Every structure is written in C-alpha cells, then in structure tokens.
Amino acid sequence: MGYSEVYQSWQNDPEGYWMQLAEAIDWDQKPSRALFETGEHLYEWFSDGRLNGCWNAVDRHVAAGRGDQVAIIHDSPITGTQSRITYAELQTRVARLAGALRARGVEKGDRVIIYMPMVPEALEAMLACARLGAVHSVVFGGFAAHELAVRIDDAKPRAILAASCGIEPGRIVAYKPLVDGAIEQAAHKPEFTVFLQRDQAPCELEDGYDLDWHAFQEGAEPADCVPVEGNHPAYILYTSGTTGAPKGVVRPTAGHLVALHWSMKNIYNVDPGEVFWAASDVGWVVGHSYICYAPLVHGNTTIVFEGKPVGTPDAGTFWRVIAEHDVKSFFTAPTAFRAVKREDPKGEFLKKYDLSGLRAIYLAGERADPDTIEWTQNLTGKPVYDHWWQTETGWTIAGNPVGIEPLPVKIGSPTVPMPGYDIHILDEAGREVADGELGAIAIKLPLPPGTLPTLWNAEDRFRKSYLSHFPGYYETGDAGMKDADGYVWIMARTDDVINVAGHRLSTGGMEEVLAGHPDVAECAVIGVADELKGQLPMGFVCLTKGVNRPHDEITAECVKRVRDQIGPVAAFKLCAVVDRLPKTRSGKILRRTMIQIADGAEVKVPATIDDPAIIDEIRESLKELGYPKG
Ligand code: COA
Ligand code: AMP
C-alpha cells in the first residue's frame, strides 16, 4: 500500500485502523475498542486496556531474547566520555531504581519531577516512573529555579530526581542551588530529592532529604512493571503558551506507545536493532518521544548525546557520531545545521567521516528554511525530510511517510498529513479556505492516539486554548496553507509563542517578568528574525513616571531578570527603553507592526493606530539595537 491507500484506510475505518496498530505493542489486557468519548469534544484512546510503558520499552525486548543489544549509547563530547547500556542492563538498572522509589512510597499516579542533563540516568528515571505507573515531568535544564518552582506547584511531585550539574560550553551549571531555590519558592514541598553526583561538580547533600543516586538504589528490591489503564498519564510535559503559566500537556500511556511504535518504521524508516539518533534534549518533546520512548519501544538503539552541534569540540561532531555509531536515521532542529553551516560552510569536517550507513535526515521543531535544507542535502547527499508537530501531539502531524513510500519533497513544506490527522485550513469565522490560501491550521477532532487528551488539572484551559475557537476542531496555533497536492505549509504562529533555536518560548511570559521590574510601567516582547536561532526575543519597556536612572542600567537589569526567572534558554539579550508603545485607539499593542520594522519587512501600519508618530520612535530604538539587520 502507498501513502494514499494507508491514509484512506484510516479514513474509512479509524477504529479498525488503530485497533490493528495496537497489536504491535504488548498488553496485559487488550482494549475492547480504540476510541472513547469522555465529554463534548473530549476523547481518549484504548482506555480499558491495561499495559505498562516500561515493559514495552525495555522488558519485552529482553524477554524476546534481545537483552544483549545496546539500548542506549551515551556519547558525551562535552565530558569526553562514552558508554553503552544493553537492554538487559537497562532492565536491571530501571527495575532497581523503580524499587528504590517504591520503597520511599512512590506509587502509581504519583508525580515525579526529573531535572537532569543528557545522561542515560535521565532516561532510566523516566522509565522507572513508567514502571511504577508514576507520572514523570521532565524539566529542561536551561530553565531557572522559578520555572522549576511553577512546575513543582502545578504537578505536586512526591520526589525530584536530579543531577548535581549540567555542562554547557565554558561553564558548569550547578543544579543543586536551582533545585533548592525552586523548592524554597514553591508552595508544594516534595518529600525527597535524589541527586546523581557527577565528577565535574558534585554537590553537598542535606542529610535525610537529599539522597545520593547510588546509595538510594543500593540493596533496593527490583520492582516489577505495574499494569496501568490505557488512558493513564505517562507523563506531563510543560510547554509555553500565551501567558507565563506553562501548559501541562498530558501524555496518555497506550496511545503514545501505539503511535510512536508506528512512526519508527513508517516515518523514520528504521528497523528494530538499528541505531536511531535524535539530537535534542530530554527536556523537550522531541527528547521524550525520540530519544527515550519511540526508539526503545521499537527495539532500536538510541543515542543520548551530551554536546552541541558546534564547539564540542567542532562542527564535525554530528558527522562523527553518525559515522562512529552507524546511525541510520538522524533527527535534529534546523538551527543545529545553521550553526554547523556557519562554522563549516564548505563541510570540510564531513570529509573525515563515512556517512554511507545514514539513510536520511529529519528536521522539526521550527520552520526549516530552504537554504538550510538545500545546504544539508547538497553536502551530505542524503534526503532531508522536514516534519511538523508539537509538544501537544507528541508525534508527527505532517511529514513524509518514507517507510510507506517516500513522497517527492517540496522544499518549505513538511509534506502531508499522517494517518489520524485530518488537517483543515480555516478563516477567522471557521470556514475552510481554498487551496493555496493562508489560514489557521486546525485538526478535525478526535486527534489520533498519543496526542493530549487534556491539560494537567486544567480542562477549562485546555478547552479555551485549543477547542473553543473552532468548535469540533483542535486549533494548532500555527497558520499556513494546503496546496492542490495536499501538501501542508507552515508559515507562522497565530499566538505569542516564539521559537528560539528550536526552543518554544512565550513572549507573554517574558512580558510578565519585565512588568515585575519596579521601574517598568509597561512593556512588550516580540520575536524578531535571527539567522542562527530562527527567532530572538526583543523587549521594549516604558518607565514609570519619575524614574530617572540610566537606561542601560535598567535594560541590563531586565535582561538579568529574564535570565534569572525564566532561564538562559530564553536567550533574552535585546532590550530597549522607549517613551511609549505603538497602540491602536482601543489600547492594543501593535506587536506585529514592531516585528515588521525589526525584520526590515514591509510595514503595514493599521489605520486604527492611535498616534502614527510613535512608529518613527520605535524605528530609532530598533536602530540602536542594530535592527533591521544588514
Ligand atoms: N542547561 C543550562 N543552560 C542551557 C541549557 C541547559 N540544558 N541549554 C542551553 N542553555 C543555555 C546556553 O548555555 C546559553 O547560555 P548563554 O546565554 O550563557 O550562552 C543559553 O541557554 C541559550 O542557549 P541556546 O539558545 O541553545 O544557544 P547556544 O548559543 O548555546 O547554542 C545552538 C546555539 C544552535 C548550537 C543550540 O541552540 C542548539 O544546539 N540547538 C539545537 C536545538 C535543539 O536541540 N532543539 C530541541 C528541539 S528539537
Ligand atoms: P514544540 O511544542 O516545542 O515542539 O513546538 C511546536 C511548534 O514549533 C509548532 O506549533 C510550530 O510553530 C513549530 N514547528 C515545529 N515543527 C515545525 C516545522 N517542521 N515547520 C514549521 N514550524 C514547526
């Protein structure tokens, strides 16, 4: 069957289609049916089945006689180390960690926060939770204590699993003060913490409350897999929305496993036993799905890479890892290739490595610009496939179904909807627009297995954020179009979410931080185009009447504030003091106009602007920040 037939077969009989795919994973009790409607426009999948995520990712491969296969390769150029863990070893390690957690009272349904760098223990922590039916919530290491505190208060974890440090080029990030700071700020107090001590910067542990990772597990009785219901949350992953309060995306166990298993062959075209590498971080959805769960559930070898595309030690690192471990499919964000291209435009480093085993490169996380795709394709001679998805969906909405049938690549489009996704392009009033016309991208409900059924403890927000604008559809927050061949084109976000080096961030969240500065009366943060990172945040602040301090002092404080409260990952370094912000007569800040000026694009000033003279003032401020570029 080709792509059209597979898509059609899903459309003709979604229930039968998903029930058949569910056969690929192991169940303690098979579900009686696939789709469950739980309320108006609310759906779940495989709810009455019973299974365990860790069993599917680890134990079943051992049971099938594949225990000696390498499950995880840790390749850490930043520490100069490498290690390998087989499926059998992984099973032993995870069962023991799960046993230790259980001995401290962690049970099915309890939440556990994981705040760790790119080490195999991060995956082991996730899998140990899954083994017990505990719900993990991994927090990216680039977030500051305040962001961690917000997540602690929302998820109310019983425990935090952490490492003593992460390592960034040129600096060691001590995690202990961040964890301590977060627990101090949070109203909810976890019962205990466990720290993996790393040689680069061990931390001091407070007796009784902070436990040492190895001592914690010593002598623990290994825990068996606890079967959970198909709709049981496997994890909560917080992602940026319009405000500073992150959204807790809930990932249900069964749908997640079924969809991810399917994706490994049909999208990434790998067979069990082969090496698959997603160069992302466990703190993001790409890390959850494609460093941890999907490759393991499918019986692949996954790579946990602790390094950067450049500087660890050079722009040849990606090629080295691919050649050395015989990676068959490689997945990263376009920004990573932009970084490599900037350092090594002619691909001199590539000449040192044999990439003959690599079949294809996959890009996602942000818009893949045609220059980057073409450069990567020309240099490597490999197909480069863009694919589009979100934290909310957990797997590809639109991609190239290479394992079914490679479709012709149209550079700039992530290709076509995957089975399960019925994509529509709608105008403001919810009417379908014609092919080639821009609109809001919406997906007809129900969303397929693996996608979010709701937000953690926030069903109202879930409805408001995703379901209320276009009744009967899920609103993706992206704008774009479909062409006559059914290809999807993703053009921009329709909300205040920006994408900085493949990291999803909220300008609204940054505005909340700036507004908290005692001298700031009003502010706006916009995302401006950046050659390397895709977008960068830029802040404009108006001062409280009577404040008479040097502007550069205030902007430096604003920059520090965002770094301290959101984290270095926000990459907030551009900030200007302005007298006033451009607004409509009804008081709405004209952010889009400001973005157009900063990007050097055609500026369309709305007729409703309150005072057109402000536009020139904004131009002047932008000039001082070096914008527009070039
Ligand atoms: N822990 C602590 N700090 C972190 C961090 C982590 N896990 N990850 C990033 N940071 C810090 C960086 O050190 C940097 O700090 P600085 O301001 O002191 O320099 C800051 O956050 C911004 O990081 P980033 O935006 O990643 O920029 P960079 O200049 O360090 O690196 C790239 C640029 C393009 C090389 C890098 O962003 C990259 O590898 N991107 C790949 C994207 C990716 O994996 N996306 C995931 C979704 S698929
Ligand atoms: P995240 O939830 O961090 O994965 O970010 C999801 C958002 O990133 C999407 O809603 C898009 O705005 C953007 N995005 C992800 N993949 C792509 C892609 N292939 N093309 C364009 N934008 C993308």
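Every value quoted in this text rests on a predicted model; they were computed, and no experiment measured them.
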**Student:** With a 4.0 Å cut-off on N to O distance, would you call E221 and R102 a salt bridge?
**Tutor:**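 Salt bridge absent between E221 and R102.
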
**Student:** Kindly indicate whether a cation-pi arrangement holds for R151 with F143, taking the cut-offs as under 6.0 Å to the six-membered ring centre and within 45° of the axis.
**Tutor:**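 Yes; both conditions hold, so R151 lies above the ring face of F143.
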
**Student:** Test salt bridge (Lys or Arg N to Asp or Glu O under 4.0 Å) on D386 and R367 and set out the steps.
**Tutor:** CA-CA 8 Å; D386 181 15; R367 203 181 96 79; over 6 Å; no

**Student:** Considering non-hydrogen atoms only, spot the tightest contact between L455 and V250 and give its length.
**Tutor:**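 Scanning both residues, the minimum pair turns out to be C-CG2, 3.9 Å.
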
**Student:** Find out whether M264 and F276 are in side-chain contact, i.e. whether some heavy atom of one side chain is under 4.5 Å from a heavy atom of the other.
**Tutor:**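 When only atoms from C-beta onward are counted, F276 and M264 do touch, with a gap below 4.5 Å.
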
**Student:** Roughly how far apart are F195 CZ and Y175 OH, rounded to 0.5 Å?
**Tutor:**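 Taking CZ in F195 and OH in Y175, the distance rounds to 11.0 Å.
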
**Student:** Apply side chain to side chain donor-acceptor pair (under 3.5 Å) to W388 and D478, showing your working.
**Tutor:** CA-CA 10 Å; W388 168 61; D478 284 308; 3.0 Å; yes

**Student:** Which class fits the ring pair H288 and H136: parallel under 30°, tilted 30 to 60°, perpendicular over 60°?
**Tutor:**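 The arrangement is tilted - the two ring planes meet at 30° to 60°.
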
**Student:** Taking C-beta and beyond as the side chain, do I72 and L90 meet within less than 4.5 Å on heavy atoms?
**Tutor:**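 When only atoms from C-beta onward are counted, L90 and I72 do touch, with a gap below 4.5 Å.
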
**Student:** Salt-bridged, K328 to D271, with N to O below 4.0 Å?
**Tutor:**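 Salt bridge flag = no for D271 with K328.
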
**Student:** Does this structure show an ion pair linking K108 with E229, if we count only N-O contacts that are shorter than 4.0 Å?
**Tutor:**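 Salt bridge flag = yes for E229 with K108.
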
**Student:** From R158 CZ over to I113 CD1, what is the distance, rounded to the nearest 0.5 angstrom?
**Tutor:**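 Answer for the CZ-CD1 pair, R158 versus I113, is 14.5 Å.
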
**Student:** Supply the atom-to-atom distance D26 CG to C225 SG, rounded to the nearest 0.5 angstrom.
**Tutor:**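 The CG atom of D26 sits 10.5 Å away from the SG atom of C225.
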
**Student:** Over 60° means perpendicular and under 30° means parallel, so tell me whether F318 and W277 are parallel, tilted or perpendicular.
**Tutor:**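 Correct class here is perpendicular.
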
**Student:** Taking the side chain as every heavy atom from C-beta outward, state whether T86 and Q69 have any pair of such atoms under 4.5 Å apart.
**Tutor:**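 T86 vs Q69: side chains apart.
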
**Student:** Can you measure from CZ (R251) to CG (L257) and round to the nearest 0.5 angstrom?
**Tutor:**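 Answer for the CZ-CG pair, R251 versus L257, is 11.0 Å.
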
**Student:** Does K308 come within less than 4.0 Å of E168, counting only side-chain N to carboxylate O?
**Tutor:**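 Salt bridge flag = yes for E168 with K308.
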
**Student:** Check whether any side-chain heavy atom of V70 sits under 4.5 Å from a side-chain heavy atom of I85, and report yes or no.
**Tutor:**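 Side-chain contact under 4.5 Å: no.
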
**Student:** Please determine whether the number of non-hydrogen atoms from other residues, nucleotides or ligands lying under 6.0 Å from atom CG of N378 exceeds 12.
**Tutor:**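 Enclosed: over 12 neighbouring heavy atoms sit under 6.0 Å from CG of N378.
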
**Student:** State, with a plain yes or no, whether a side-chain heavy atom of V119 is found less than 4.5 Å away from one of V304.
**Tutor:**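 V119 vs V304: side chains apart.
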
**Student:** How far does CZ of F140 sit from OG of S280, to the nearest 0.5 angstrom?
**Tutor:**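 If I round to the nearest 0.5 Å, the distance is 8.0 Å.
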
**Student:** Looking at K444, I'd like to know if its NZ atom is crowded, meaning that more than 12 non-hydrogen atoms belonging to other residues, nucleotides or ligands lie closer than 6.0 Å.
**Tutor:**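 It does not: K444 NZ has 12 such atoms or fewer within range.
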
**Student:** Would D59 and R131 pass as an ion pair if we require N to O under 4.0 Å?
**Tutor:**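 Between R131 and D59 there is a salt bridge, with a charged N closer than 4.0 Å to a carboxylate O.
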
**Student:** Do the side chains of F216 and L101 get nearer than 4.5 Å, heavy atoms only?
**Tutor:**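 The answer is yes, as the side chains (C-beta and beyond) meet within the 4.5 Å cut-off.
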
**Student:** So, S9 and N12: side-chain donor and acceptor under 3.5 Å apart, yes or no?
**Tutor:**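 No - no donor-acceptor pair under 3.5 Å links their side chains.
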
**Student:** Indicate yes or no: at least one non-hydrogen side-chain atom of P401 is less than 4.5 angstrom from one of E405.
**Tutor:**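 Not touching, per the 4.5 Å side-chain cut-off.
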
**Student:** Taking the side chain as every heavy atom from C-beta outward, state whether N300 and V275 have any atom pair closer than 4.5 Å.
**Tutor:**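 The answer is no; the side chains never approach within 4.5 Å.
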
**Student:** Examine the side chains of T239 and R504 and answer whether a donor and an acceptor come within less than 3.5 Å of each other.
**Tutor:**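 Short answer, yes.
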
**Student:** How many angstroms lie between atom CH2 of W395 and atom CG of L260, to the nearest 0.5 angstrom?
**Tutor:**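 Nearest 0.5 Å value for the CH2-CG distance: 9.0 Å.
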
**Student:** For the residue pair Y362 and Y385, does the interplanar ring angle fall in the parallel (under 30°), tilted (30 to 60°) or perpendicular (over 60°) class?
**Tutor:**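 Y362 and Y385: tilted rings.
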
**Student:** Does any donor atom in the side chain of D75 or H325 lie under 3.5 Å from an acceptor atom in the other side chain?
**Tutor:**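 Present: a donor and an acceptor within the cut-off.
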
**Student:** Salt bridge check: are R320 and D314 linked by an N-O gap of less than 4.0 Å?
**Tutor:**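 No salt bridge links R320 with D314.
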
**Student:** Around Q20, counting heavy atoms of other residues, nucleotides and ligands shown, do more than 12 lie under 6.0 Å from its CD?
**Tutor:**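 No, because the 6.0 Å sphere around CD of Q20 holds 12 heavy atoms or fewer from other groups.
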
**Student:** Please report the shortest heavy-atom distance between I291 and V282, naming the atom on each side.
**Tutor:**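 Heavy-atom minimum between the residues: CD1-N, 4.3 Å.
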
**Student:** May I have the step-by-step check of salt bridge (Lys or Arg N to Asp or Glu O under 4.0 Å) for E343 and R338, ending in yes or no?
**Tutor:** CA-CA 9 Å; E343 298 253 315; R338 287 197 296 269; over 6 Å; no

**Student:** Quick one: is the NZ or CZ of R33 closer than 6.0 Å to the six-membered ring centre of F36, and within 45° of its axis?
**Tutor:**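 Because its charged atom sits under 6.0 Å from the ring centre and within 45° of the axis, R33 does stack over F36.
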
**Student:** Is the shortest distance from a Lys or Arg side-chain nitrogen in R359 or E274 to a carboxylate oxygen in the other one below 4.0 Å?
**Tutor:**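 Here R359 pairs with E274 in a salt bridge, since their nearest N and O are under 4.0 Å apart.
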
**Student:** Can you see which heavy atom on W389 is nearest to which on A364, and at what distance?
**Tutor:**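 Residues W389 and A364, closest heavy atoms: NE1-CB, 3.6 Å.
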
